[in-house]
Amino acid sequence: MNDLIDEIFRVFSEYGSEEYLGERVSMTEHMLQSASAAEQDSAPPQLVAAALLHDYGHFIHEFPADAAEHGIDTQHEEAAHAFLSEHFGPEIAEPIRMHVAAKRYLCATDPSYLGELSPASVHSLHLQGGPYSAEEVVEFEMSPYARDAVRLRRYDDMGKVEGLETPDLEHYRPVLEAAMRS
Ligand code: FE
């Protein structure tokens with residue numbers, strides 16, 4: 001268990017200082033801020049862990065870092081799910097897999113949501129297929145993880161604040177351990 005967490009943290013330290021796709025924070029800052037938002041919202045450990053790891057796919061997918069600028073959707077949520085579902089339960093892996101879907105869902109169902117998105121997130125929305133249709137909204141809501149995916153999406157959107165102080169990665173080791181055991 002500790003070996004896996006060490007490996008995850010090593011990947012963070014190797015790739016996490018890269019800019020988070022057009023935002024004013026690094027990848028690691030973004031994911032720490034998302035996890036911190038989940039903690040402050042008293043989310044269960046599985047959801048805090050999901051927030052911390054939700055963009056792990058950006059570290060491990062095989063596309064170049066500037067893929068979005070070239071109009072390519074890297075499907076980072078699928079890369080994260082493929083890796084994380086081997087080690088974590090569906091309460092963690094499924095909201096992560098669905099966090100892009102949750103954006104498309106919220107754009108279709110919450111009139112104010114699109115206006116709150118960062119420019120980079122609006123750009124990727126179009127690569128990811130745009131707002132959901134009415135049928136896709138219904139399909140999304142049928143998933144048992146839809147609510148957690150929407151919560152995760154809100155934490156994701158909050159994690160883009162330049163210079164915001166958060167706990168460091170080690171602070172989340174017990175959370176990841178608890179999430180792995182569950
Ligand atoms: Fe994110």
Side-chain angles (χ1 to χ4, degrees), residues 8-9 11-41 43 46-69 72-85 88 91-107 110 113-132 140 145-164 166-169 172 175-176 179:
I8 289 171
F9 287 180
V11 171
F12 267 87
S13 62
E14 186 167 345
Y15 301 108
S17 58
E18 288 168 18
E19 173 191 89
Y20 174 49
L21 312 175
E23 309 288 353
R24 293 174 203 279
V25 291
S26 71
M27 292 293 311
T28 296
E29 286 168 335
H30 168 59
M31 287 150 82
L32 286 171
Q33 287 185 19
S34 300
S36 175
E39 259 190 319
Q40 284 171 25
D41 191 41
Q46 293 91 334
L47 200 50
V48 177
L52 182 70
L53 300 176
H54 78 274
D55 274 340
Y56 195 76
H58 282 307
F59 297 154
I60 58 174
H61 69 67
E62 70 246 47
F63 295 93
D66 60 352
E69 288 160 36
I72 297 166
D73 175 14
T74 61
Q75 303 203 342
H76 70 285
E77 69 279 20
E78 297 292 349
H81 179 264
F83 173 74
L84 294 170
S85 62
F88 295 91
E91 322 62 35
I92 292 135
E94 283 301 314
I96 290 176
R97 187 177 66 80
M98 294 171 70
H99 81 276
V100 171
K103 176 168 76 170
R104 300 178 64 193
Y105 170 79
L106 284 167
C107 285
D110 180 345
Y113 182 74
L114 188 59
E116 295 163 16
L117 284 178
S118 65
S121 204
V122 172
H123 176 66
S124 61
L125 170 69
H126 296 297
L127 299 182
Q128 290 155 346
Y132 269 167
F140 178 89
Y145 301 102
R147 292 174 74 94
D148 279 352
V150 168
R151 277 181 85 178
L152 171 57
R153 184 71 223 180
R154 300 279 189 191
Y155 305 143
D156 181 358
D157 295 327
M158 291 163 78
K160 302 178 177 179
V161 183
E162 188 177 7
L164 182 73
T166 64
D168 64 6
L169 280 172
Y172 294 101
V175 176
L176 291 182

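For ligands, and for the atoms within them, numbers begin at 1 and follow the listed sequence. Since the model is a prediction, treat every value here as computed from it, not as a measurement.
No salt bridge links D157 with R154; every basic N to acidic carboxylate O contact stays at or beyond 4.0 Å.
Between H30 and H54, the distance from one ring center to the other falls under 6.0 angstrom.
Taking the Fe ion (ligand 1) as the corner point, the angle from D55 atom OD2 to H54 atom NE2 is about 90° (rounded to 10 degrees).
In terms of heavy atoms, E29 sits closest to V25 at OE1-CA, 3.4 Å.
The Fe ion (ligand 1) lies at 2.8 Å or more from every N, O or S atom belonging to H99.
Atom OD1 is the N/O/S atom of D156 found closest to the Fe ion (ligand 1).
Put simply, the side chain of S36 never gets that close to the backbone of L32: no donor and acceptor are under 3.5 Å apart.
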